[in-house]
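Notes follow once the structure below has been shown.
Throughout, protein chains are lettered first and strands after them, A, B, ... in sequence-line order, and every chain is numbered starting at 1. Predicted model only: the values in this text are computed from it and were never measured.
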2 protein chains.
Amino acid sequence: MMPRPGKGDPETDEAVYKAVLTAILEGRIEAGTKLAETPLAEVFGVSRERIRKVLHRLVAERRLEAIPNRGVRVPEPSLEDVRAVYQAHRVLEAGILHALAGRLDADLLQRLETHIGWEQRAAMERDRASSVRLSGEFHLLLADALGNAEISAFLRNLLTRSSIMVSVYESAADSICGVHEHAAIVEALASNNVDKAISLSAEHFRHIESRLRLKKPEVEKPDLASLFTPLRVPEP
Amino acid sequence: MMPRPGKGDPETDEAVYKAVLTAILEGRIEAGTKLAETPLAEVFGVSRERIRKVLHRLVAERRLEAIPNRGVRVPEPSLEDVRAVYQAHRVLEAGILHALAGRLDADLLQRLETHIGWEQRAAMERDRASSVRLSGEFHLLLADALGNAEISAFLRNLLTRSSIMVSVYESAADSICGVHEHAAIVEALASNNVDKAISLSAEHFRHIESRLRLKKPEVEKPDLASLFTPLRVPEP
DNA sequence: ATTAATATAAATGTGCACATTTGGCACGCC
DNA sequence: GGCGTGCCAAATGTGCACATTTATATTAAT
């Protein structure tokens, strides 16, 4: 017999978790918004304990911040936090590029250039969402080339953090101009000039950091239900 | 009125968490040991729900692994996992040393040399526990010099993971010989030779990796209560 | 009129009891 | 004798009810 969608599924936890997480990552929930347990339980049509578990997991992952007896809220990162994330990314990528010296094969080079082609296309079409996503994936491509799960996981963490931040600190200029810098890094790598690649990478991140500006908070306040991707609830 | 030690303290969660965590970190619990909820609740004298929360947190931090409906156990890292952790540390430290170029002040240099003095002393006294701890703190000193919370947190994570692993994969030779390599790195840094420092660091980690050997699992099986640091329980 | 204190209501935290799943064991069958 | 099936016990997972804490609103006093 088929398991009912809303009952004892082990998938339900994951579904709720992903729904809340993507809502946070895509900046759909304004920074500082309090996520109470009871309304969330009603929105998703599940018990409060399940919401509780998901929220605790997100807090443990630093995706939400908890104040004892006062619930959880989406963190409002300071400008220093944002700089720290980008600096960490810069330091890590320097190490990655250094480790990549010598083990750069034609296959990886091909994939990098293909990816940059996609970035250029998205930039030409003024597709800002794709540009941001592809820009992150470019750096992931470099990190995954090492085949080290620890490094990849850390970088993925940094990228999701920074993707939250661009929704708060929106740069006046779009991030499209970064495509040329990506290409320059790959070019330096192709010519086995690792030091130059590292310098270009550092400069690249400094450019991103310098573009960070404080965005005015919007006063719109949509209801909770519309924030999350529609999740089927069992019919009564 | 004073809060009772075993009741509604917010400290209790943290106390149990730290007790279990340090027991894992110090290798007091053999890899593969299953940590059931009910016995743990009896050992610590707290309710099962509290143990539950702590265990879930440790699972989220990858300190324990959970199998659905079958409880949690301390993970048994493979040799590949260990190598990945050390490689990640090597890559990260290359980036750290690169970023440290130019911003190396006399104060940091002084602290590094003092620390190496402690390491040498511990090595002379054959104090293996202190040697391992100090060796980790040396690399933390380098990372903290950047003042970046993200990097420091990641390195701390890597270090705790590797400290678990030395209890499983015990090197035949002790890690005392690494002190000279630490000193060489600092010396290269002091003379502003960053490339040499990075090379020495990479070589250092390769030495550590090459010393990893598979340790025979011990057959001793102590009871749960003696594994954790004594935690006061309220008198009836 | 403003402030402070109290009471009320709502939201979080906790423990308990029950449901569900899993692993072992015994019995029976091939 | 080996293997498959079914029952039983133990451990995990879940929902519910209650305790505790916090914020708000109302009232009274200065």
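- What separates CG of A:L40 from P of C:dT12 is a distance of 9 Å, to the nearest Å.
- Scanning residues 67-74 of chain A for heavy-atom distances under 4.0 Å to DNA chain D yields A:N69, A:R70.
- The salt bridge (Lys or Arg N to Asp or Glu O under 4.0 Å) pairs that include a residue from residues 15-24 of chain A number zero, where partners must be two or more places apart or lie in different chains.
- At whole-Å resolution of the value, CZ in A:R48 and C1' in C:dG13 are 8 Å apart.
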Taking only distance into account, with no hydrogens and no angle test, what donor-acceptor pairs under 3.5 Å do side-chain atoms of residues 88-100 of chain B form with protein atoms, sequence neighbours excluded?
unit_1, atom_1, unit_2, atom_2, d
B:E93, OE1, B:H139, ND1, 2.7
B:E93, OE2, B:H139, ND1, 3.3
B:E93, OE2, B:S201, OG, 3.1

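- Listed by first and then second residue, the ring-ring contact (aromatic ring centres under 6.0 Å, His included) pairs that reach into residues 141-163 of chain B are A:F154-B:F154, sequence neighbours excluded.
- Residues A:H204 and A:H182 bring a donor and an acceptor atom of their side chains to less than 3.5 Å of each other.
- Between A:R52 and C:dG13 there is a side-chain N or O to OP1 or OP2 distance below 4.0 Å.
- Remark: P of D:dT12 and CG of B:L64 are 13 Å apart, rounded to the nearest angstrom.
- Atoms NZ (B:K53) and P (D:dT12) sit 18 Å apart, rounded to a whole Å.
- Residues passing the side chain to side chain contact (heavy atoms under 4.5 Å, CB included) test with B:E61 are B:Y17, B:R57, B:L58, B:R63, sequence neighbours excluded.
- Out of C:dT14, C:dC16, D:dT12, the shortest distance to the side chain of A:E49 is found at C:dT14.
- When the side-chain nitrogen and oxygen atoms of A:S47 are compared with OP1 and OP2 of D:dG15, one or more of them lie within a distance under 4.0 Å.
- Within the nucleic acid shown, B:E37 comes within 4.0 Å of sugar-phosphate atoms alone, with no base atom in reach, counting heavy atoms only.
- Residues passing the side-chain hydrogen bond (donor to acceptor under 3.5 Å, both in side chains) test with B:T114 are B:Q110, sequence neighbours excluded.
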